[in-house]
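Data block below; observations after.
In what follows, every chain begins at residue 1, and chains take the letters A, B, ... in the order their sequences are listed. Computed over heavy atoms, backbone and side chain alike; hydrogens, waters and symmetry mates excluded.
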Amino acid sequence: MIVLHLDAPPRTREERLGDVREALSTVLDPELDEPITDLGFVRSVALGEGGELEVHLRLPTSFCSPNFAYLMASDAKDALATLPWTRTVVVALDDHHDSDKINAGLAADAGFRGTFGSEAEHDLDELRATFRRKAHTAAAERCLTALLRSEPERDVATVGEVVLGDLAPGRHLEALLRRRWDLDLPLDPDAPVLVDHLGRRPDDVSMALRRARSTRISIDGNAHFCRGLLRTRYPGSEQEQQHRTDGAEPADAAYDPTFIPLTSLTKEHVR
Amino acid sequence: MYTKDGESYFIVDAHIALWDARPENIKNVHGQQFIDCFYDYHRNLSPESEVWPKESYLYQGGERLMKDLFEDGYVDHAVFQPAHLGEFYHSGFGQTAEASALAAAHPDKLTYNHHWDPRNGEAGLEQLRADAERFGLKGVKLYTAEWHGDSRGWRLDDPWSYRYLEACRELGITNIHIHKGPTIRPLDRDAFDVADVDHVATDFTDLTFVVEHCGLPRLEDFCWIATQEPNVHAGLAVAMPFIHTRPRYFAQILGELLYWIGEDRIQFSSDYALWTPRWLVESFVDFQIPEDLSEYAPISTAQKKKILGLNAAAMYDVEVPVELRLPEADETETGPRQPDAADLAAV
C-alpha cells in the first residue's frame with residue numbers, strides 16, 4: 001500500500017476535499033441512522049497546503065446529548081485520520097454546551113471516559129449497539145409494511161413467515177440488508193425478515209410488528225425534527241441536507257426541491 | 001371551553017410555565033443557550049402567524065399568561081409545571097413566587113405544581129414538606145436532567161429519590177410529572193431513557209406518573225413501559241405542535257399512544273409559553289388521521305374530548321360541567337389497550 005501511495009500522483013485540492021467528504025459520509029448519527037453529511041452537521045472544512053485539516057461540526061441544539069455529540073465527533077476524527085495525506089486532523093464541535101470539554105477531549109484523543117471523567121462510567125459501545133438494533137428493527141418494519149400495503153389481502157400474522165426473497169428490490173431492502181450485515185444476520189433469500197438482533201423470531205408476530213412500527217416512527221420523526229431544528233438554528237443549512245424519503249411530508253417541499261409527494265410514490269398501491 | 005360544530009370541549013392545559021429568561025436573570029451561557037433552544041423549537045414548529053418576536057418570548061408575566069390561556073386560548077384550567085434550572089438562572093427559570101401567587105389568586109383556573117431534587121438530601125425533604133403545605137401541592141414536576149454542582153442528572157430509582165416519592169405519597173402529592181424529552185443528562189446513560197419510570201411506577205402504584213413529551217424522542221420505549229404500567233400517562237407537551245408542521249408524524253404518535261396506552265391516559269398541553277394553546281386546540285379539534293395511514297383507526301370526538309381536558313381534569317379533581325363528562329373506556333389494565341383498532345389487515 002505504501003508503495004502505491006508513493007507512486008500515485010499527489011492528490012489535488014479538489015480530490016482531497018472529496019476524500020474528506022467521503023470519509024465524513026461514513027459517520028452516522030446513531031439515533032437518526034443517517035450520515036452527518038446528509039444531515040447538514042458538517043459546518044466547515046479547512047484544508048492547509050501541508051495536509052492540515054480542520055473540520056467543524058454543528059448540531060440542531062446546544063443541548064443535544066453530549067454522548068451522541070462525542071460519538072459523532074470522535075468517529076469523524078477517526079475517519080479523517082485514515083486519509084493518508086493528512087498531517088494534522090482537528091475536529092471541533094461548535095455551539096454545544098459541552099463544546100470546550102468535548103473539543104479538548106478530542107484534541108487529546110482522550111476518549112469518552114477520559115473526556116467526561118467520573119460522569120461517564122462506560123464507553124459508548126453499548127449505546128451504539130442499541131441504535132444499530134433499532135435501525136435494523138425500523139428497516140425490517142419499512143419492508144414489511146410496504147409488503148402489507150402492496151398485498152392488502154395478506155394477514156398480518158403471516159409476516160413472520162416472510163423471507164428476504166419475498167421482498168421487492170429497492171431502497172428499503174438495500175437498507176435492511178446493510179443493517180443485517182452490521183449485526184451479522186444472514187443475508188440469503190430464505191432468511192426470515194422479522195427477527196431480532198440475534199436472529200430470533202418473535203412468538204407474537206403482530207405485536208412484534210407493532211413494536212417495530214413505533215421504533216420506525218420514532219426514528220423518522222426524530223430525523224425530520226432534528227433536520228428542521230438545524231435549519232432554524234443555522235439558516236441556509238438546508239443547502240447541505242440531503243432529502244430523506246422515509247417520513248417525508250408535504251411541508252418538506254418548502255425547503256426541499258427534490259421532494260416528491262407521497263401520493264405519487266404510492267399510487268400503484270392505492271386500494 | 002371550546003365549541004365547534006355543536007360539540008363542546010372542556011380544556012385542561014396540563015403543562016404550562018411562567019418563565020423568566022430576560023438577560024438580568026441569566027446566570028451563564030447555558031441559560032442563554034437554553035432559552036435560545038426553546039425559541040428555536042418555537043420558530044421551527046409554529047405556524048408563521050403564531051411566531052413571537054424573541055423579546056416577548058423571554059418573559060410573559062401573569063397578565064399576558066391569563067390572556068393567552070383563558071381569554072384567547074379556550075383553556076378552562078391549567079397546571080404549572082416549572083423547570084427550576086437553578087444552575088442556569090439566578091432566580092430559576094420557572095418563577096415560583098409569581099406563578100404560585102397567580103394560582104392562589106385564580107384557584108378555579110390554575111394549579112401550581114412545584115419541583116424537588118433528591119440531591120438536596122434531608123434538607124430538601126424538609127423543604128418538600130413545607131412546599132406541600134405552602135402550595136397545597138397535588139403534583140410535582142421533576143427534571144432528572146437538572147444540573148446540581150458537579151452532578152449533571154439523577155434517576156427516579158436512586159435511593160434518595162425513593163425517599164422523596166415516599167414523602168409525596170404521605171403528603172398526598174399523587175401526580176408526578178417527569179420531563180423525558182429533548183434534554184441533556186444524565187450523561188453516561190442514554191439521556192432519554194425512560195427505564196427509571198418503569199421501576200418507580202411498579203413500586204408506587206398509588207402515584208400517577210405522567211411522562212411529559214410522551215418519551216419523544218424514544219416513543220417506542222415509552223409505549224412499551226406505559227403498556228405494562230397502568231399508572232403511567234403520556235403528556236403531549238412538545239408533541240402537540242407537530243400537528244402543524246408534521247401532521248402525519250403527529251397522527252402516528254397519536255395512533256401509537258391510543259393503541260398502546262389507550263384514550264384515558266393521554267393529556268393535552270401547550271407547554272406555554274413554548275406555544276400558545278389557541279391554535280393547538282383549534283387544530284386538534286379539526287384533526288383526523290390521514291386515510292392512507294390505514295393502520296390506525298380514526299380519532300373519535302370522545303377521544304379528543306378526553307385528551308383535551310377530561311383526563312387531566314380527573315387527575316387534578318377539576319370539576320367538569322355534567323354535560324361535558326364522559327365515562328372511562330372499558331380497557332384492560334395492561335397490554336395494548338386498543339388492539340382491535342384498525343390495522344393494515346383489518347382494512
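A heavy-atom distance below 4.5 Å is not found between the side chains of Gln33(B) and His96(A). The shortest side-chain heavy-atom distance between Phe116(A) and Arg152(B) does not fall under the 4.5 Å cut-off. For the pair Tyr41(B) and Thr61(A), the minimum side-chain heavy-atom distance is below 4.5 Å. Residues Ser294(B) and Arg149(A) are in side-chain contact: their nearest non-hydrogen atoms beyond the backbone lie under 4.5 Å apart.
Annotation: side-chain hydrogen bond (donor to acceptor under 3.5 Å, both in side chains) contacts of Glu141(A) (sequence neighbours excluded): Thr145(A), Arg213(A), Arg216(A).
For the atom pair NE2 (His224(A)) and CZ (Phe242(B)), the distance works out to 11.0 Å, reported to the nearest 0.5 Å. Between Ser62(A) atom OG and Phe34(B) atom CZ the span is 9.5 Å, to the nearest 0.5 Å. For the atom pair CG (Leu148(A)) and CD (Glu295(B)), the distance works out to 9.5 Å, reported to the nearest 0.5 Å. In this structure, CZ in Arg218(B) is found 9.5 Å from CD1 in Ile219(A), a value given to the nearest 0.5 Å. Note that NE2 of His97(A) is 5.5 Å distant from CH2 of Trp147(B), once rounded to the nearest 0.5 Å.
Proximity to chain B is limited to the backbone of Asp95(A), based on heavy atoms less than 4.5 angstrom apart. Residue Pro336(B) touches chain A through its side chain alone, counting heavy-atom pairs closer than 4.5 Å.
Under a 3.5 Å cut-off, the side chain of Ser218(A) and the backbone N or O of Leu219(B) do form a donor-acceptor pair. Looking only at distances, no side-chain donor or acceptor of Asp40(B) sits under 3.5 Å from a matching main-chain atom of Thr232(A).
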Working for salt bridge (Lys or Arg N to Asp or Glu O under 4.0 Å), residues Asp221(B) and Lys134(A): CA-CA 11 Å; Asp221(B) 294 343; Lys134(A) 288 191 181 202; 3.1 Å; yes

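Residue pairs meeting the salt bridge (Lys or Arg N to Asp or Glu O under 4.0 Å) criterion with at least one partner in residues 224-239 of chain A, sequence neighbours excluded, are Glu34(A)-Arg227(A).
Centroid-to-centroid, the aromatic rings of Phe225(A) and Tyr249(B) stay 6.0 Å apart or farther.
In plain terms, the two heavy atoms of Ala251(A) and Thr245(B) that are nearest each other are CB-O, 3.5 Å. In plain terms, the two heavy atoms of Thr215(A) and Glu220(B) that are nearest each other are OG1-CG, 3.4 Å. The shortest heavy-atom contact between Gly247(A) and Arg246(B) is O-NH2, 3.0 Å. Nearest heavy-atom pair, Tyr296(B) versus Ile217(A), reported as atom, atom and distance to 0.1 Å: OH-CD1, 3.1 Å. When all heavy atoms of Cys37(B) and Phe63(A) are compared, the closest pair comes out as CB-CD1, 4.3 Å.
A cation-pi arrangement, defined by a distance under 6.0 Å to the six-membered ring centre and an angle within 45 degrees of its axis, is present between Arg210(A) and Tyr259(B).
Counting non-hydrogen atoms of other residues, nucleotides and ligands closer than 6.0 Å to CD of Glu333(B) gives a total of 12 or fewer.
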